[in-house]
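Values reported hereafter were calculated over all heavy atoms of this structure, with side chains retained and with hydrogens, waters and symmetry mates removed.
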Amino acid sequence: MSASSRSVSTTGSRSAAISPSATACRTTRSTAARPCGTAPTAAALAGVDPGRLAKAVTDLDTELPGHLARWGRLAHTGVATVPVVDGEVLTEEPWAALAAGRADGAELLVGHTRDEFRLFAVLAGRHGAFTEEDARTALDLLAPGPDGPDAYRAALPGATPGDLVEAVFSDALFRMPTLHLAEGNTAAGGTSYLFELAYPAPAMGGVFGACHGLDVPLAFGSLGSPMARHFLGDPPAPEAVELSRELRRAWVRFVTTGEPGWPAHEPERQLTRVLGTRSETVRYPEQTSRTVWAGHGPTAFDLGRG
C-alpha cells in the first residue's frame, strides 16, 4: 500500500456519537456559539483564540453530567467532543463498515494506554472514592450486552468498585474500540499494528498510571511541555526520554516503510507491542476485557432529545 493509505491512531479510538442532522451541531453550538460568541462553523471557529476554545470545551465537558436529557448516554462519559456519524463526513460507524466489507482495510498503527480512564478519575477527585452504586451505574451503562455487568464481576472477582468503574470506562471508550478497529481493519484486508502504553506516569506518586493522554508528549517528543511536566516531572526520567525516542522511531518507521518495527496484529497470535521501561511484543495484554467483549462491537452514543 502507498503512504497515503497509512493511518496512525493513538490515545484510544473513541466510540462515535451518532445523531440526526437536526442535532449534529449540538456540541459545536454549545462550545462556540454561546461561550465564544461565534457561529458554529469551521470558518468562524478558525478565528477563535485556541485557549478560549479549549476552555469552552472543558467547561462543556464538566457540565455534561447535569444534562442527561439533552446529551443522553454521552453525558456520563464527561467528554462531548467525539466523531459524529452525520451521513456526510462519517457515514457510519467504522467498526461496522469494516466488518461488513463497506470500507477497505489500510496500513494502520493504532494503540491505547493501559489505564485510560484513570486520568478522568483523578481529575474529578474520584480516584479511590468510587462507590458500589457508581460501579453498578457504570456497568449498566457501558458493559456489553445484557450479561455484561455480570461478566465483568465474574472476570474480576477481587475488584473494588473503583477497579470496575475504571475497567469498564477504559474498555468501552478506548481499549475495545481500539482493539476492534485493529481486528476489523485486518479482516477488511488491511494490516494492523497494535500497541499498548504501559509506562506509568511517575508524577504525583504515580497516581495517574499509564493514563489517557500520556502517549501524546511521548509520541511528539514534547517532554518540556506543560502536559509532559504534569505527567513525567521536570526533568523527565531517563527511561521516559528513551521511551519517547522508541515511540517516535516507530511512528516515523511506519510512515516511511509501512511497518513500525514489530509484527502485525493477527487473530491467532494477537501480537501487541507493550511500551514501557522494558518494551516487549506479546499477546494482547487485556485478555480479560477482550473475552468480556467477545461478540460485542463498540456502539455509538445516541444523544438525548433535550
**Request:** Write out all pairs satisfying ring pair (Phe, Tyr, Trp, His ring centres under 6.0 Å) with one or both partners inside residues 220-241, taking only residues at least two apart or from two chains.
**Result:**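 Checked against ring pair (Phe, Tyr, Trp, His ring centres under 6.0 Å) - neighbours excluded - the pairs reaching residues 220-241 are Phe208-His230, Phe208-Phe231, Phe220-Trp251.
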With [X], which residues qualify under side chain to side chain contact (heavy atoms under 4.5 Å, CB included), at least two apart?
X	result
Ala54	none
Glu268	none
Ala159	Leu156, Asp163, Leu164

When clusters are formed by joining ILVMFWY residues with side-chain heavy atoms under 4.5 Å apart, either directly or through shared neighbours, do [X] and [Y] land in the same one?
X	Y	result
Val8	Val252	no
Val292	Leu181	yes
Val168	Phe120	yes
Tyr199	Met227	yes
Leu109	Val282	no

Contact check, side chains of [X] and [Y], non-hydrogen atoms, under 4.5 Å:
X	Y	result
Thr281	Thr272	no
Val165	Arg126	no
Pro236	Val241	yes
Arg283	Arg269	no
Asp171	Leu142	no
Glu166	His127	yes
Thr178	Ser9	no
Ser7	Phe254	no

Value rounded to 0.5 Å, distance of [atom1] in [X] from [atom2] in [Y]:
X	Y	atom1	atom2	result
Tyr193	Asn185	OH	CG	11.0 Å
Leu179	Glu286	CG	CD	9.5 Å
Trp293	His180	CH2	NE2	7.5 Å
Leu214	Leu119	CG	CG	9.5 Å
Thr91	Glu93	OG1	CD	10.5 Å
Glu196	Arg114	CD	CZ	7.0 Å

Closest approach of [X] and [Y], non-hydrogen atoms and distance?
X	Y	value
Pro146	Pro149	O-CD, 3.9 Å
Arg248	Ala219	CG-O, 2.8 Å
Ala210	Ala198	CB-C, 3.8 Å
Ala228	Ser222	CB-O, 3.3 Å
Asp134	Ala129	OD2-O, 4.3 Å
Pro177	Ala172	CG-O, 3.3 Å

**Request:** May I have the step-by-step check of side-chain contact (heavy atoms from CB on, under 4.5 Å) for Ser279 and Leu243, ending in yes or no?
**Result:** CA-CA 8 Å; Ser279 300; Leu243 179 58; 4.2 Å; yes
**Request:** Dump the intermediate steps for side-chain contact (heavy atoms from CB on, under 4.5 Å) on Leu223 and Leu218, then the final yes or no.
**Result:** CA-CA 7 Å; Leu223 301 185; Leu218 292 172; 4.2 Å; yes
**Prompt:** When you check the gap from the basic side-chain N to the acidic O, do Arg273 and Glu259 get nearer than 4.0 Å?
**Reply:**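 The answer is no: the pair does not qualify as a salt bridge.
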Is it the case that the side chains of [Y] and [X] hold a donor-acceptor pair, with the cut-off being a distance below 3.5 Å and no angle test?
X	Y	answer
Asp215	Thr113	no
Glu183	Thr186	no
Thr62	Asp59	no

**Request:** Taking Arg118 for its side chain and Val207 for its backbone only, find out whether a donor-acceptor pair lies under 3.5 Å.
**Result:**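 Judged by distance alone, yes, a pair lies under 3.5 Å.
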**Message:** Using a 3.5 Å distance criterion without hydrogens, assess whether the side chain of Ser244 forms a donor-acceptor pair with backbone atoms of Ala240.
**Reply:**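 No; judged by distance alone, with no hydrogens or angles, the pair does not exist.
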**Message:** Just checking Glu132: does its CD atom have more than 12 heavy atoms from other residues, nucleotides or ligands closer to it than 6.0 angstrom?
**Reply:**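 Yes, because the 6.0 Å sphere around CD of Glu132 holds more than 12 heavy atoms from other groups.
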**Item:** For Tyr284, ring pair (Phe, Tyr, Trp, His ring centres under 6.0 Å) partners two or more places apart
**Value:**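 Ring pair (Phe, Tyr, Trp, His ring centres under 6.0 Å) check on Tyr284 returns His112.
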**Message:** If the condition is salt bridge (charged side-chain N to carboxylate O under 4.0 Å, His left out), which residues does Glu266 pass it with, not counting sequence neighbours?
**Reply:**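 If we apply the salt bridge (charged side-chain N to carboxylate O under 4.0 Å, His left out) test to Glu266, skipping adjacent residues, there are no hits.
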**Request:** Take Arg245 and Glu242 through the test salt bridge (Lys or Arg N to Asp or Glu O under 4.0 Å) and record every step on the way to the result.
**Result:** CA-CA 5 Å; Arg245 292 193 184 114; Glu242 179 54 37; 3.4 Å; yes
